[in-house]
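Worksheet: the structure to be examined is printed underneath.
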Amino acid sequence: MRTFLILLGLPLAEIAGFVLVGGWIGLWPTLGLVVLAGIAGVALLKAQGVGALAEARRGVLPRDPLSPMLHRLLLAVAGVLLIVPGFVTDLAALPLLIPAVRRLLIARVPVQAAFVSTPPPQPEGEVIEGEWIDLDAVRRPGGRSGWTRLED
């Protein structure tokens, strides 16, 4: 029910924001702000992707890899929120652009949640050993398919 209310309420809030801002500054400046926010969001996402790629190429691995990853994730969320047309999502993205706010949010993430791992799956039942032949490596007489049995 909560998700339904958010999915219904967010577009209504965005429409109300368009009406209020449009009534205050006019149609074209409002549309200009929406387009500029979208461009800023795309640029932010692109910069985050390029920055992550550059770090991977340099082989930079900080002592605490979780913090830079979460900073990048929060900046990516801000970029997506800026791309979504509307002033409510833009206002939600602005605090995420401030490093101190990101640090505060990251400090609230439990460390254990970041390092959850599952054990490797164990085979069930009896393990049957066998030999196999790579049929692509063996010459196929008579043009038979790889699924036919080769006679010795």
Side-chain angles (χ1 to χ4, degrees), residues 1-130 132-137 140 145-147:
M1 185 66 174
R2 180 185 221 183
T3 304
F4 174 73
L5 290 176
I6 290 172
L7 290 175
L8 181 64
L10 184 61
L12 292 175
E14 295 291 10
I15 291 169
F18 283 132
V19 170
L20 290 173
V21 173
W24 186 43
I25 64 173
L27 173 67
W28 294 111
T30 302
L31 292 177
L33 285 175
V34 171
V35 169
L36 284 175
I39 291 170
V42 169
L44 182 62
L45 284 177
K46 185 177 178 181
Q48 289 308 307
V50 169
L53 187 61
E55 283 180 4
R57 281 189 193 147
R58 288 191 311 250
V60 175
L61 187 62
R63 286 193 324 241
D64 177 22
L66 183 62
S67 180
M69 266 186 351
L70 290 175
H71 273 279
R72 286 199 182 281
L73 176 67
L74 289 173
L75 284 171
V77 168
V80 170
L81 288 173
L82 285 171
I83 291 172
V84 173
F87 296 109
V88 174
T89 52
D90 292 348
L91 288 174
L94 291 178
L96 296 176
L97 298 176
I98 302 168
V101 173
R102 289 195 309 268
R103 280 193 296 273
L104 185 87
L105 290 172
I106 290 170
R108 296 186 61 128
V109 173
V111 176
Q112 291 83 9
F115 295 106
V116 173
S117 64
T118 58
Q122 299 296 323
E124 294 182 20
E126 185 179 348
V127 176
I128 301 173
E129 294 187 25
W132 58 276
I133 299 172
D134 186 1
L135 294 178
D136 288 332
R140 293 191 181 106
S145 75
W147 292 100

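Each of Leu44, Leu73, Val77 was scored for a side chain to side chain contact (heavy atoms under 4.5 Å, CB included) with Leu96, with one residue passing: Val77.
When all heavy atoms of Leu97 and Pro99 are compared, the closest pair comes out as O-CD, 3.5 Å. In terms of heavy atoms, Val34 sits closest to Pro85 at CG1-CB, 4.0 Å. Between Gly38 and Ile83 the shortest heavy-atom distance is O-CG1, 3.9 Å. In this structure, Pro95 and Val101 approach most closely via the heavy-atom pair O-CB, 3.2 Å. In plain terms, the two heavy atoms of Leu45 and Ala76 that are nearest each other are CD2-O, 3.5 Å. Between Ala93 and Ala78, the shortest heavy-atom distance links the atoms CB-O, 3.5 Å.
Judged by distance alone, with hydrogens and angles left aside, the side-chain atoms of Gln48 form no donor-acceptor pair with the main-chain N or O of Leu75 at under 3.5 Å. Not a single donor-acceptor pair under 3.5 Å links the side chain of Arg102 to the backbone N or O of Leu74.
Taking CG of Leu70 as the reference point, atom CZ of Arg103 lies at 13.5 Å (rounded to 0.5 Å). To the nearest 0.5 Å, atoms CG (Asp90) and CD (Glu14) are separated by 7.0 Å. Taking CZ from Phe87 and CG from Leu20, the interatomic distance works out to 10.0 Å, rounded to the nearest 0.5 Å. Annotation: the span from Leu82 atom CG to Leu94 atom CG amounts to 6.5 Å, rounded to 0.5 Å. Taking CD1 from Ile25 and CG from Leu31, the interatomic distance works out to 9.0 Å, rounded to the nearest 0.5 Å.
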